[in-house]
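Written below as structure tokens is the structure these notes are about.
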Amino acid sequence: MNDFEAHVQAIGRRLYGRASGRRPRLFRGLTGGLLEKAMADERLRGGLFQLVDALPQLRDAGDIADHLRAYLAPYLGDMKHTGWHGALLALAGRPSLAWSVRWFTRRMARGFLGEESGRGIARILHELAGLPAAVTLDAVGEAVLSDAEADAYLARNLALLGWLTPHGRPHLSLKLSALSARFDALDAAGTRRRVFARLEPLLAEASRLGATITVDMEHYEIKPLILDLFLDMVADFPGDWQPAVALQAYLAETPVDVMRVLEAAQHSGRRLGVRLVKGAYWDQESAWAAQRGWPIPMLRDKAATDAQYESLTANLMERSDVVFPAIASHNLRSQAVALANAHRLGLDDSRWEAQMLHGMAEPLRDALAADGAPLRIYVPTGELDTGIAYLIRRLLENTAATSVLRQSYIGGLDATALLAVPQPGLPPGEPNPAGFANLPLLDFSGETARVDFAQALRTVRASLPRRHPLAEAPPVGQHRVCNPARPAEVLGEIELADAADANTAVAAARDAFPAWSVTPVAERCRVLRRTADLIESRRLELAALEVLEEAKPWREADADVAEAVDFLRYYASEMEKLDGWRTTTDFPGESNRFGYAPRGVAVVIAPWNFPLALITGMTAAALVAGNSVIMKPALPAMLAAHELLAVLHEAGVPAATVQLLPGGADVGAALVGHVDVQVIAFTGSRQVGLQILQAAHTPMPGQHHIKQVVCEMGGKNAIVVDADADLDEAVTGILASAFGYSGQKCSACSRVIAVGAVHDRLLARLAEAAAATGWGEPEDPANDHGPLITEAARAKALAYIDIGRAEGRLVWQGSVPEDGWYAPPAIFADIQPQHRLAREEVFGPVLAVLRAPDFAAALAMAADGDYGLTGGVYSRLPGHLALAQERCRVGNLYLNRRITGARVGVQPFGGIALSGTGVQAGGPDYLKQFLWSRSVSANTQRHGFMPPA
Ligand code: NAD
């Protein structure tokens, strides 16, 4: 053991001696008893946290009792598992006593959450003065989704500064994301403008008071933006305020961020504070990264984080000439290391401080104070109800098995164990998913992706206008492709075919079929995968083309290209499973085999709204199954479709095996009616879909087969918001689902059904949050949403807005640019189930809000209609979620999340009723629609002789 380590051990043992024998408030009394039980039982822990999480939203004692029973039923009155707490809980499960749960939770919360008033703050400061310890205040609350909420956050912080001033230099912790309703790296410049507009008065006041403002770190996706903004704040707002930023030791890249802050400090000549924390979003970050297929940004094991924390502590304290380190940890060893460093470097109290959370680890806090360490307590303040989210996070963190608080105070670890040098293990390797995996979407949080995408837009623009002449025959007309955001801008010219050309195309496809149908599955799969690779290698350019041709915002365009890649790879891997003969049941003397065969000429009729993904999906399925294909794209997606054709040919699909016939409805109808067509894969509107079904199932003269029709149509999708729903999540999810791509998704939410009293609050927050969305040219990432696809689509949306005004009450309408095919987004309330706005597909940014008396009625309203595509439910009652699963007749049901963005292979997509034929794209049953199945049964017996098997 070296001298430094010996010193750490000595300090650690001294602190341990002072702190041992006491428990923090967290683990004392009724709360402590219950938490201790919960730590021994993950399900009880989960149930308790779910209950506390739902409490703020529950209206009356009956509601509380329902939730308590739903989450904790197995434990109520169960003396064996929960002891007398179980008996107490059972009592509280009676409606007459359920109020006590809220009372108890509030009391518990007050132990960790300061009262946000002059008096409340004075009381806490008075309590801590004796230690002594300073404070930093953090105004906690709901997610900020609107300008009004961001203004309120600013006002609260100004008030906090005022209340702190009589007690010395104020110290605040600030969440930058709460200063703007739209906090997005994709729009870094706009975010900066909005955040800085609210920072200005706050920093002016902070400067007048000589206050410290610590910028809190938030989740990883916005970390680069937060750090950039912090460094800009330092540069742009001189004055007497003290800037500080929180950095998380669990991120692998934090040493680089520390370097950046050190350089900025040196450069600015200002001493910058750095609060070093370990990081509080471990589970969430891991889950997000896994869901998106992005690399996990954290160090893989806890010991590695602890070790990095120690090295960063030393690093920061060594540079305390330019930074002011705040060592924020409840870990005995981490604080001992900080003290040992302070001693080693001869740092006095003005050069660093230790920080701890209010109410979390008083024994260690007191021991540090008694040891003379400079100490600051982080006190969150706010309403009890909205502070619950904070409370849950802290409780989850501190009752996790790896929590140092749990280990110290409940696990009974002794000083030797608590002070052991962290030994990082070998990080587990990246999980290697076997088989199909979705292509991860682009991560726009880093500047590189944004710069590259902007460059791709310039490259595509330089290639315009694009011309696609008809090779086979003289054109019957021209289609001019225009930018929906700037109709005067011509992107390309397409020569159009007519019904006669359909005959030529089908004849060529029929001739190409035999060779392709016997091309080995392995080869067909190889070609699909090569196509996927080519698209992936051109993903930016293809997405940029969609931004111009279909007015897709950047992220939507990228997602569409990625989905096209996914379809190609997924159907290749599915086809491999279907290839070859398999034995059903063999008997002595009889062999029985079963297998699939391609059908023939397939026609793919696609819509424009997912310009690459849907046409690629249908085409890939048909091709890999061994059919020849004629693609008939929608007019507004012709440029994208031509790119696909070129890539398929480049990847090795023979020219006649996949063709593109550019034309309108007449060409589509001619293909559908052609006698030699075997399969029709259609995605589009209900009206056209039904026409196609009828035409396809009316045999033509000389037709000797039944045409197989794969038919995906529209939707009128509803999201039910239960009385206890988490409104932060519901509002975000509804707006993304309703207005994403301006409402032009078949999966879009166009009805919200609010249960009972949640209606008014939901409506108000929806309208306020919607007002913070930006509408304009999708090329400019400052805009969330763009125009509609055509003049006709715009006229249709405007007509529905008029209908909405007549049927209901307009609660919000956005403003949109004059030029371009924009319809102003609108939210209507007081819509009744029989109204047209509640029944007809609009395909634009128009949202109808309905009211239901109870949850069952809401489900019934959701089911009332012609469609059955997607649906969503926000509720915290497991019983309600189960009921929804039972009653919602939709292809894709989403619980507590947005209802758009299905991923290939993960959420197979497609509807029933008048939304589709009930077999889902991107799912295991889809390919079979492009095949026919046959079985061969052979008698192998010859006059009593049985050949060997
Ligand atoms: P649309 O029905 O107008 O056109 C779809 C395709 O059909 C186009 O290629 C069009 O040229 C062709 N077509 C039109 N009339 C035809 C006819 N008589 N015979 C043969 N073909 C004909 O739909 P759209 O405007 O392109 O797309 C929007 C619609 O698609 C919405 O209703 C939306 O809900 C639906 N959609 C459904 C899904 C799904 O998976 N269920 C996905 C995307 C879009």
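If you read the sequence from its start, that first residue is 1, and numbering goes on from there. None of these values were measured; they are calculated from a predicted model. Each ligand, and each atom within it, is numbered from 1 in the order the structure gives.
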Restricting to salt bridge (charged side-chain N to carboxylate O under 4.0 Å, His left out), what partner residues turn up for R539, sequence neighbours left out? D558
W812 and F828: aromatic ring centres closer than 6.0 Å? no
What does the list of residues with a heavy atom under 4.0 Å from ligand 1 look like, ordered by chain and number? I605, A606, P607, W608, N609, L614, K632, P633, A634, A665, G668, A669, F682, T683, G684, S685, V688, Q691, I692, E712, M713, G714, C746, E841, F843, L869, F909
Check: [X]/[Y] side-chain N/O donor and acceptor closer than 3.5 Å:
X: T870; Y: N717; value: yes
X: Q813; Y: R805; value: yes
X: E840; Y: Y800; value: yes
X: E563; Y: N438; value: no

